[in-house]
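Data first, discussion second: the structure below is written as structure tokens.
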Amino acid sequence: MDLRYEAYCFADRLFYDVQSSTKTADDDFSRVLPPLSEDWSQTDLTIWRYLQPAGAEVPRQGWKIHVSATVRNAGEVLLTAYDYLVEHRIPFKYLRTRSIVLARNSKYAPREASGKLITIYPADDDQLETVLRDLDALLGGKPGAYILSDLRYGRGPLFVRYGGFVEQWLEVDGKRVLAIGGPTGELVPDQRKPTFWVPDWITLPRCLEEHLAARKAGDAESFPYRVTQSLHFSNGGGVYRATRKSDGAQVVLKEARPHAGLDRENVDAVARLRREHAILTRLAGVPGVPEVYEHFTAWEHEFVAMQPVPGRPIGQWLGQHYPLTHHEVGDLAAYAARAMAVVAAVERIIADVHGRGVVFSDLHPLNVLVDDDDSVSLIDFELAFPVEEDRKPTLGSPGFQAPPDRSGFEIDEYALAALRLYVFLPLNAVVELAPVKLRTHVEFIRRRFDLPDEYCEGILATLTPRVDPPAPVVTALDEPEPDWEVVRKSVAAAILASATPHRADRLFPGDVEQFEVGGACFAYGAAGVLHALDAAGEGRYPEHERWLLDSLRRDPPKEVGFFTGAHGIAHVLENFGYHDEADELVRAYAEIVPATRDHGLKSGLAGVALNLLHFADARDDEAHAARAAGLGDRLAAMLADAPPPGDKARAGLLHGWSGPALLFVRLHERTGDRRWLAEAERALERDLAECMTALDGSTQVRDGNFRTLPYVGVGSAGIALVLAEFARVAPDAPCSARLPELVGGLTGEFVIQPALMLGRAGLLAALVHGGGPRAAVDRHLAALSWHAVPYQEGLAFPGIQLRRLSMDLNTGGAGVLMALATATSGAPVLPFLRTPAPPGRSQ
């Protein structure tokens, strides 16, 4: 699970967003800090506020100082450091608000960033030593979370690491990572992991030597357990399998970090672990609840050792047994009986827990383990409490956390009702985002699984909000025979209603990636949304096009690639008639292309070359075509040297060799040179080599030993899209015969997300492009209603993780709009693809 999404849920109820605003928040630290003199500059960028005195030169990289704090003492620590740094004219940045401090230290915030309140940029090692000595005298010993990526200076809250002071970027395995200059000036990754690291070519300053020695002085031999496996990490600590050294007993160790892993009431992981130890002691002997062994402290962290329990999270159990994910649906009645038996086992454990006077308070799929014989255990009692304490949950899983109007045992009854729904339609996060979806979801499972009325009515009665229950809403997608033109206009209406032209960072709300790569790009930003509206026949919007043009001057793209950089934006500008601006953009990034080592369509050479071919065709310009062919030669050479497939899935449209294969097909069509067809087949075979037979017998991309992926971005649908293009020009090639088996893996009824690149919209589009069965196309179209959320006067769709709505092309409404246009009017779902056959083909 990508833990970044949790941090982007704090700012807005409906959209992923940064905790920043044009107006000053009530808890903004600037309200309590002295004003700066005129010779200081101050800039707000996302969650940080940067301060720099006139004349100060910030090095590109070096030893930086981080100051940690708790939520409670952040204002005091910041004021002390602020006064010192301003007086001594040292550049620094700080988190702008107390709410951001809480979010950055919450349980599911990134571990490597936790604890950081202030970052200081010393000019050299001498200033580093002076600032550390002086600030330690002022702040030494004040509490704050340990910054895992850094070396602690003294008693804290000062921490140090070597890294970049200004942003430099590098491509590694197709991903953009922050970089620093290496020993000979070349860029290398800036290691931002939850461990202290010093580059090989950098000498540790003398002032840090004793502190590094102190860090290494911890005696691992005295730790009473030998860790054998890491099971889970969060910002609050870890969970491990371990062996007790004294007698060889196998245990599960749970670790808690002080001042980290905060909930919304500022309770840290240590307090929750102590509570869990007390609760498990109280529940000793309850079947299905692990036995607790001991609670101890080591290396400033606290640990609880407990009994390992068998099984796997119920979400994984569903992954194997849930029938609607399979391309051939099995015995629904048998599954229903089995699923209700598993739920009944959970209910029995919860009843026993209640019998001891305890509210579990954290029932959700990761905390329910199901063994091979369908026996059940519960784990993770850190939020449990005695019923007489009348607590409210401060953490929880989307769709399972009870609303504030529930108390005591009702908290668990709510989660049990959510579990009853989950085992038949695991989209609880959608219901939390839009409670209006509850009734339609329950009606679906009643009808599809022929469930008893009392089972379904119980879910409705418990999960329906008591305060302001939502009125039933019938959307254009809920009609027995939807008018697809009306549906498309409804999706477009929601996209347009979400626009924020007053913001500089993004025009349309989308995935969290837009805050990394920019709000203008094709995948996650304005360019892709405006392309989708136009390509789907929903119009051009000059005021939004002006925003896109302005964004290029305000915040130029950070990279060259098509989906995440300059070429995708240039493609849209060219199609909209902004030829000079498109030319300027392509020229500005031309020097970056030779250094690009990524072969993929998302950020690499395949997307750049395909766009150059597009320019060549649009302008009848052989110079662009020649550059595209040159990149094709580079890609062919890279393919010849490509390593064999690894454990981590890469095959598919965005990151795999299917993107270069599409380029090779287009080069063949333009030149007639059959060597390009041979390269296309080699590239497709390379992606097909990452495929395996899934649990349901279909062909999908392998991800690890057991998991398979059917999606467009990474998965078999992405291969199928390009293989369909290849089969048009080489129908007798051996790999063309594999298209039906790929298409057969795209027909499953249940898909967890609606997204184009990682969800149902992509499977729908690939089915159409690949000539899939009309019945499967219709099934995907109908099931889009599971995720469709009324927004303003239109229909919106949740993005990745289903926590918030998204409007972008890769993860949100714009991608759904393109898939609808493909399925209902034959529009190509993405640039560089040909028009598919008219809907209605079957096989």
Side-chain angles (χ1 to χ4, degrees), residues 18 20 36 39-67 81 85-86 88-96 100 104 110 112-113 116-128 131-132 147 149-151 159-172 175-193 197-199 201-203 205 504-505 513-521 551-561 564-566 588-589 591-592 595-596 603:
V18 291
S20 59
L36 291 167
D39 62 345
W40 277 76
S41 65
Q42 177 174 294
T43 304
D44 288 357
L45 184 61
T46 64
I47 61 176
W48 294 98
R49 180 165 291 133
Y50 292 78
L51 291 83
Q52 183 170 335
E57 293 189 10
V58 178
R60 299 190 69 80
Q61 61 195 55
W63 289 97
K64 61 176 73 173
I65 301 170
H66 291 120
V67 184
L85 295 168
V86 170
H88 292 85
R89 302 183 66 77
I90 301 169
F92 66 103
K93 69 177 181 180
Y94 66 86
L95 295 177
R96 294 185 300 101
I100 294 172
R104 296 275 287 192
E112 64 273 13
K116 299 172 185 176
L117 171 67
I118 308 167
T119 303
I120 303 168
Y121 303 105
D124 50 37
D125 287 1
D126 290 339
Q127 192 173 72
L128 170 76
V131 174
L132 286 170
I147 299 175
S149 60
D150 289 25
L151 173 66
F159 296 81
V160 184
R161 84 171 185 90
Y162 189 92
F165 287 9
V166 297
E167 283 191 1
Q168 303 178 88
W169 295 91
L170 179 68
E171 294 175 18
V172 177
K175 295 183 179 180
R176 296 169 64 255
V177 298
L178 285 162
I180 54 176
T184 60
E186 79 286 5
L187 290 181
V188 299
D190 185 355
Q191 299 276 5
R192 298 190 173 213
K193 297 179 180 179
W197 167 79
V198 182
W201 65 94
I202 297 299
T203 301
D505 58 342
E513 283 287 341
Q514 67 181 193
F515 301 110
E516 298 290 333
V517 299
C521 70
S551 75
L552 298 178
R553 293 185 284 271
R554 185 171 56 240
D555 185 21
K558 294 181 174 67
E559 57 185 75
V560 68
T564 53
Y589 289 79
E591 293 183 0
I592 300 176
T596 300
S603 303

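With sequence neighbours excluded, the residues that form a side chain to side chain contact (heavy atoms under 4.5 Å, CB included) with Asp124 are Asp126, Gln127. Qualifying side chain to side chain contact (heavy atoms under 4.5 Å, CB included) partners for Glu513, counting only residues two or more places apart in sequence or in other chains: Arg4, Asp511, Glu516, Val517, Tyr524. Gln52 meets the side chain to side chain contact (heavy atoms under 4.5 Å, CB included) test with Ser41, Ala56, Val58, Pro91; sequence neighbours excluded. Among residues two or more places apart in sequence or in another chain, the side chain to side chain contact (heavy atoms under 4.5 Å, CB included) test is passed with Pro556 by Tyr589. Glu591 pairs by the side chain to side chain donor-acceptor pair (under 3.5 Å) definition with nothing, not counting sequence neighbours. Residues passing the side chain to side chain donor-acceptor pair (under 3.5 Å) test with Arg554, sequence neighbours excluded: none. Applying the ring pair (Phe, Tyr, Trp, His ring centres under 6.0 Å) rule to Tyr94 yields no partners; only residues at least two apart in sequence or on another chain are considered. With sequence neighbours left out, the salt bridge (Lys or Arg N to Asp or Glu O under 4.0 Å) criterion links Arg89 to Asp39.
Nearest heavy-atom pair, Leu128 versus Pro205, reported as atom, atom and distance to 0.1 Å: CD2-CG, 3.9 Å. A pairwise comparison of heavy atoms in Ala81 and Ile118 identifies CB-CD1, 3.6 Å as the closest pair. Shortest non-hydrogen contact noted between Trp48 and Lys116 is CH2-O, 4.1 Å. For Leu552 against Pro557, the heavy-atom pair with the smallest separation is CD2-CD, 4.0 Å. Heavy atoms only, all atoms of each residue included: Pro122 and Trp63 are closest at CD-O, 3.3 Å. Closest non-hydrogen pair, Tyr162 versus Pro199, comes out as CD2-CG, 3.8 Å.
Atoms CD1 and CD1, on Ile120 and Ile90 in that order, are 7.0 Å from each other to the nearest 0.5 Å. Taking CD1 of Ile47 as the start and NZ of Lys93 as the end, the distance is 8.0 Å to the nearest 0.5 Å. Taken to the nearest 0.5 Å, the CH2 atom of Trp197 stands 10.5 Å off from the CZ atom of Arg192. In this structure, the separation between CG on Leu151 and CZ on Phe159 is 9.0 Å, given to the nearest 0.5 Å. In this structure, CD on Gln61 lies 8.5 Å from CZ on Phe165, to the nearest 0.5 angstrom. Considering OH of Tyr50 and CG of Asp44, their distance stands at 10.5 Å, rounded to 0.5 Å.
Judged by distance alone, the side chain of Arg96 and the main-chain N or O of Thr46 form a donor-acceptor pair under 3.5 Å. With hydrogens and angles ignored, the 3.5 Å screen pairs a side-chain donor or acceptor of Lys64 with a backbone N or O of Gly164.
Considering Glu167, Gln168, Arg161 in turn, Arg161 is the only one that fulfils the side chain to side chain contact (heavy atoms under 4.5 Å, CB included) rule with Asp190. Shown are Val86, Val131, Thr119, Val67; of these, the side chain to side chain contact (heavy atoms under 4.5 Å, CB included) with Phe92 is made only by Val86.
The salt bridge (charged side-chain N to carboxylate O under 4.0 Å, His left out) pairs that include a residue from residues 177-188 number zero, where partners must be two or more places apart or lie in different chains. For residues 50-59, no pair satisfies salt bridge (charged side-chain N to carboxylate O under 4.0 Å, His left out), with sequence neighbours left out.
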